[in-house]
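Down below is the structure, laid out as structure tokens.
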Amino acid sequence: MTAPATLQPVQPVTLEGEHVRLEPLSMAHVDALVAASSEDRSNYQWTFVPEGEDATCEYVSAALELAARSAAVPFATVHRATGRVVGSTRFANFEFLGWPPSSPHYRGEGVPDGVEIGWTWLAASVQRTPVNTEAKWLMLRHAFASWGVRVVRLNTDRRNVRSRAAIERIGGRLDGVIRANRAASDGAVRDTATYSIIESEWPAAEAALRARLA
């Protein structure tokens with residue numbers, strides 16, 4: 001894959017497709033996120049999803065603090081057909097490999113070498129629809145085409161069979177399981193199944209994603 005000549009540093013961005021628009025998260029999204037997360041919480045066993053106004057305010061505020069430090073790019077997920085906010089997702093854990101400016105690998109000030117896509121949740125009414133697939137495609141495309149990253153990482157609870165299958169469907173390859181890695185949404189200590197897509201794999205992964213969306 002040939003990286004674009006001019007790569008963009010980490011900054012807020014709006015990503016839009018046929019089914020979904022990912023717009024920069026703000027406190028103005030709180031009420032809509034509360035409504036989205038309240039539809040049916042039965043599928044949130046392995047994913048932290050804020051419940052109620054207070055928890056959602058804290059969730060959005062924490063994401064915006066990271067965004068202010070260019071440590072995350074959080075989105076509100078908008079279902080284009082209805083205009084409803086139906087969830088949230090983000091870029092975070094940017095990786096900078098410390099290349100000196102004289103190195104041919106240097107990509108410019110603030111341009112990451114890798115990034116994690118995660119913190120994704122959706123309202124029950126849009127689960128198992130093209131919304132998540134297209135959102136992932138938009139984010140992966142931005143990471144590889146606009147930032148020129150070498151790798152995108154996707155992590156999930158080891159026990160989350162549904163999430164692991166979804167990651168594998170979009171081309172994620174299992175790098176391994178990191179034991180006792182994070183706090184789990186159910187209060188346990190989580191083992192994390194960590195996946196990645198590297199830049200040489202992206203053209204095939206993108207073709208498969210576009211075929212699924214078609």
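Note that the numbering runs from 1 along the sequence shown for the chain. Here the structure is a predicted model, which means the values were calculated and not measured.
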Subject >> Residue pair N132 / V126, side-chain heavy-atom distance below 4.5 Å >> reply: no
Subject >> N155 and T192: side chain donor to acceptor below 3.5 Å >> reply: no
Original post:
More than 12 foreign heavy atoms under 6.0 Å from CG of D175: is that the case here?
Top reply: yes
Subject >> N/O donor-acceptor pair under 3.5 Å between R21 side chain and G17 backbone >> reply: no
Original post:
Do the side chain of E53 and the main chain of D31 share a donor and acceptor less than 3.5 angstrom apart?
Top reply: no
Original post:
Quick one: do R153 and E95 make a salt bridge, cutoff under 4.0 Å?
Top reply: yes
Subject >> Close side-chain approach of P100 to Y106, heavy-atom, < 4.5 Å >> reply: no
Original post:
Any link between L25 and M27 through a network of hydrophobic side chains (Ile, Leu, Val, Met, Phe, Trp, Tyr) touching at under 4.5 Å?
Top reply: yes
**OP:** Tell me whether V86 is reachable from V30 by hopping between hydrophobic residues (I, L, V, M, F, W, Y) whose side-chain heavy atoms are closer than 4.5 Å.
**Re:** no
Original post:
Where do V151 and S196 come nearest, in terms of heavy atoms and distance?
Top reply: CG2-CB, 3.7 Å
Original post:
Between the side chains of R84 and S125, does any donor sit under 3.5 Å from an acceptor?
Top reply: yes
**OP:** Using a cut-off of 6.0 Å, state whether more than 12 heavy atoms not belonging to R128 lie near its atom CZ.
**Re:** no
**OP:** Heavy atoms only: give me the nearest A143-V115 pair and the separation to one decimal.
**Re:** CB-CG1, 4.1 Å
Original post:
Charged N to carboxylate O below 4.0 Å: is that the case for D113 and R150?
Top reply: yes
**OP:** Would you please test H29 and E23 for side chain to side chain contact (heavy atoms under 4.5 Å, CB included) and show each step?
**Re:** CA-CA 10 Å; H29 292 115; E23 59 188 38; 2.6 Å; yes
Original post:
Can you hop from V149 to Y195 via hydrophobic side chains spaced under 4.5 Å?
Top reply: yes
Subject >> Gap separating the CZ atom of R90 from the OG1 atom of T77, nearest 0.5 angstrom >> reply: 11.0 Å
Subject >> Sequence-distant partners of E51, side chain to side chain donor-acceptor pair (under 3.5 Å), two or more places apart >> reply: none
**OP:** Compare every heavy atom of D157 with every heavy atom of A184, then report the nearest pair and how far apart it is.
**Re:** CB-OD2, 3.8 Å
Subject >> Verdict with supporting geometry, V20 and L138, side chain to side chain contact (heavy atoms under 4.5 Å, CB included) >> reply: CA-CA 9 Å; V20 67; L138 291 169; 3.8 Å; yes
Subject >> Closest non-hydrogen atom pair, P24 against P12 >> reply: CG-CB, 4.3 Å
**OP:** In plain terms, say whether R80 and E16 are close enough for a salt bridge, that is, a side-chain N and a carboxylate O under 4.0 Å apart.
**Re:** yes
Original post:
So N181 and D191, side chain to side chain contact (heavy atoms under 4.5 Å, CB included) or not? Walk me through it.
Top reply: CA-CA 6 Å; N181 173 243; D191 293 343; over 6 Å; no
Subject >> Spacing of L154 atom CG and E116 atom CD [to the nearest 0.5 Å] >> reply: 7.5 Å
Subject >> Min side-chain heavy-atom separation N43-R162 under 4.5 Å >> reply: yes
**OP:** Look at the side-chain heavy atoms of Ile, Leu, Val, Met, Phe, Trp and Tyr, link any pair under 4.5 Å apart, and say whether V161 and V177 land in one connected group.
**Re:** no
**OP:** With the side chain counted from C-beta on, respond yes when T14 and L22 share a heavy-atom pair under 4.5 Å apart, and no when they do not.
**Re:** no
Subject >> Mutual orientation of the aromatic rings belonging to Y59 and F48 [parallel < 30°, tilted 30-60°, perpendicular > 60°] >> reply: tilted
Original post:
For the ring pair F94 and W147, is the centre-to-centre distance below 6.0 Å?
Top reply: yes
**OP:** Answer with yes or no whether the hydrophobic clustering places W119 together with W46; edges join I, L, V, M, F, W, Y residues whose side-chain heavy atoms lie under 4.5 Å apart.
**Re:** no
Original post:
Does S37 use its side chain to pair, donor to acceptor, with the backbone of V34 at less than 3.5 Å?
Top reply: yes
**OP:** Measure the CG-OG1 distance between L122 and T129 for me, rounded to the nearest 0.5 Å.
**Re:** 7.0 Å
**OP:** Apply side chain to side chain contact (heavy atoms under 4.5 Å, CB included) to the pair L33 and V85, showing each step before the final yes or no.
**Re:** CA-CA 6 Å; L33 290 171; V85 174; 3.6 Å; yes
Original post:
What are the two closest non-hydrogen atoms of L174 and A193, and how far apart are they?
Top reply: CD1-CB, 4.3 Å
Original post:
Within the side chain of S185, is there an N or O that forms a donor-acceptor pair under 3.5 Å with the backbone of Q45?
Top reply: yes
Original post:
Between R159 and D186, is the closest basic N to carboxylate O distance under 4.0 Å?
Top reply: yes
Subject >> V111 side chain reached by Q8 side chain, heavy atoms, under 4.5 Å >> reply: no
Original post:
With side chains defined as the heavy atoms from C-beta onward, is the minimum distance between F91 and I117 less than 4.5 Å?
Top reply: yes
Subject >> Any R212 side-chain heavy atom under 4.5 Å of R169 side chain >> reply: yes
**OP:** Could you pull out the closest heavy-atom pair between A124 and E39, with the gap in Å?
**Re:** N-OE1, 3.4 Å
Original post:
Taking R69 for the side chain and L64 for the main chain, is one N or O donor matched with an acceptor at less than 3.5 Å?
Top reply: no
Original post:
How about M139 and L15: do any of their side-chain heavy atoms sit closer than 4.5 Å?
Top reply: yes
Subject >> Carboxylate-amine/guanidinium contact R141 E206, below 4.0 Å >> reply: no
